[in-house]
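Notes follow once the structure below has been shown.
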Number of protein chains: 2
Amino acid sequence: MPNSPRRKIPEAALIRLPMYLRLLGEVTAQGVTHISSDQLAELAAVNAAKVRKDLSYLGSYGVRGVGYEVAFLAYQIQRELGVNHEWPIVIVGAGNLGQALANYGGFVERGFGLVGVFDTDPSKIGTQVGGICVQHLDELSEVVQTRGVSIGVLATPAATAQEAVNRLVRAGVGSILNFVPIVLSVPRGVHISKVDLAGELQILSYYEQQKVNSLSHIQGTTTSSRAVSA
Amino acid sequence: MPNSPRRKIPEAALIRLPMYLRLLGEVTAQGVTHISSDQLAELAAVNAAKVRKDLSYLGSYGVRGVGYEVAFLAYQIQRELGVNHEWPIVIVGAGNLGQALANYGGFVERGFGLVGVFDTDPSKIGTQVGGICVQHLDELSEVVQTRGVSIGVLATPAATAQEAVNRLVRAGVGSILNFVPIVLSVPRGVHISKVDLAGELQILSYYEQQKVNSLSHIQGTTTSSRAVSA
DNA sequence: CAATGTGAATATATTCACAGCT
DNA sequence: AGCTGTGAATATATTCACATTG
């Protein structure tokens, strides 16, 4: 076991690994075989020291005075992320967002094969979504077991999300990508990563609001609301 | 100007405000009028001190010994986030993801009205997506100006994403929600928030991989790859 | 007296700066 | 000479713990 990872990668660093991996893929396509932390930092729009520190959690895979071998580094990141294994996924919830995600090519493109789409609405069951026949949620467990699914994508209405999570967990799914903007409870050991689409917009709204505020400050107008209507 | 905010809210706290706001809405619907940091922390699944610290950046809106008045606190968060103003949005890219986002009810539900969907593909232009007629990207500037759009959602293919960003910025958009997994360059002052859907899965893949590794450790098997095929 | 608001303590993340290799 | 890897320094975030207050 020559260089197994030093154990846990800090969350902040982990989040950047997929970006580095993608960038390495891009430069490979351009024929680049070696890259320095400065160059990778430029592409990633981050500090070079951060790149080196992040990569150091994987091991010492660079060469002093030279940089990193792109293919080798990419392999090490893949190995650490576990994406050189297959991770079939299921989507629970075949509404607008669920269908969208099923049709979204980006998952398959980066190695996540969709093996099931589930809903409880009889009018949805049997329809084709993303090349997959929508099945009743009761079939979830069967598919998760037989296909060895450990990651589920949650895109149900808010009201049924917790029940869907319970079923995913009971079926054996160990990680969930949650698009439903509610706080879900999961047993210890189950990872749940949340994407709140409207929440992201609200954060952007804050930044835009700040700009408006600072402008009205300069102009000496009050901050009381006038701009409520479009 | 009685209690204008103390200036910039730390990023880490800002990210949680939309969650608090949503939770306050939920408890309001249940008839709750007052809430303590302990209770809100329970709902949000975070530490109570964190809730108080986060809320303290907005001002002192709690009452010692009592807690926070839900409606008043919600209003203050809304005001701080700027979501009591209208923020019409546009979507650039009417492919799978763009259509999905256009049809996704969650944006409108939380106050973000969709006023334009843009693409350059002639076969897409003129089709109805999310109740909106897809327009050519050349029309972007016109719509942004007349509708006062300051937030754009980016869902183009990777190859055309930077050009689309340039157009958004030139048209006057100040913040961008980016679903395209590439690093984009924007001028100073333009905010760009990134959602890398496949990247999220890769992070989950890491956690699942960790579980596999720790299991094989216990069983004394090597970590060398065998589980590559499904 | 119950719960806020906040300094102080701790933990985590980022950046600097340079010793150590190739 | 050039670039990594990393301790030390700094910055940011979280949590503790309690004085303060309605």
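Relative orientation of the Tyr104(A) and Phe107(A) rings is perpendicular, given thresholds of 30° and 60° on the angle between their planes. Taking the six-membered ring where the residue is Trp, His191(A) and Tyr207(B) present parallel rings, their angle staying beneath 30° rather than reaching 60°.
DNA chain C is contacted by both Leu55(B) and Arg16(A); Leu55(B) maps to the nucleotide lying nearer its 5′ end (nearest heavy atom per residue).
Considering only heavy atoms from C-beta on, Ser175(A) comes within 4.5 Å of Ile151(A) through its side chain. The shortest distance between side-chain heavy atoms of Leu73(A) and Tyr20(A) does not fall below 4.5 Å. Counting heavy atoms from C-beta outward, His85(B) and Glu208(A) have side chains that stay 4.5 Å or more apart.
Scanning residues 30-49 of chain A for heavy-atom distances under 4.0 Å to DNA chain C yields Asn47(A), Ala49(A). Taking every heavy atom of residues 199-208 of chain A and every atom of DNA chain C, no pair lies under 4.0 Å.
A sub-4.0 Å separation between OP1 or OP2 of dT6(C) and a side-chain N or O of Tyr57(B) is absent.
Scanning both residues, Val169(B) and Pro187(B), for their nearest heavy atoms gives CG1-CG, 3.5 Å. Minimum heavy-atom separation, Val183(A) to Ala45(B): CG1-CB, 3.8 Å. Closest approach of Gly106(B) and Ala198(A) over heavy atoms only: O-CB, 3.8 Å. Contact between Val149(B) and Pro88(B) at its shortest, heavy atoms only, is CG1-O, 3.6 Å.
Put simply, the side chain of Glu80(B) never gets that close to the backbone of Tyr206(A): no donor and acceptor are under 3.5 Å apart.
Taking atom CD of Gln76(B) as the reference point, atom P of dT4(C) lies 16 Å away to the nearest angstrom. The NZ atom of Lys53(A) sits 13 Å away from the C1' atom of dC18(C) (whole-angstrom rounding). The NZ-C1' distance, from Lys50(B) to dG5(C), rounds to 17 Å in whole Å.
For Phe72(B) and Tyr61(B), the ring centers sit closer than 6.0 Å to each other.
Taking a heavy-atom distance under 4.0 Å as the criterion, the stretch of DNA chain D touched by chain A extends 5' to 3' from dG2(D) to dA8(D).
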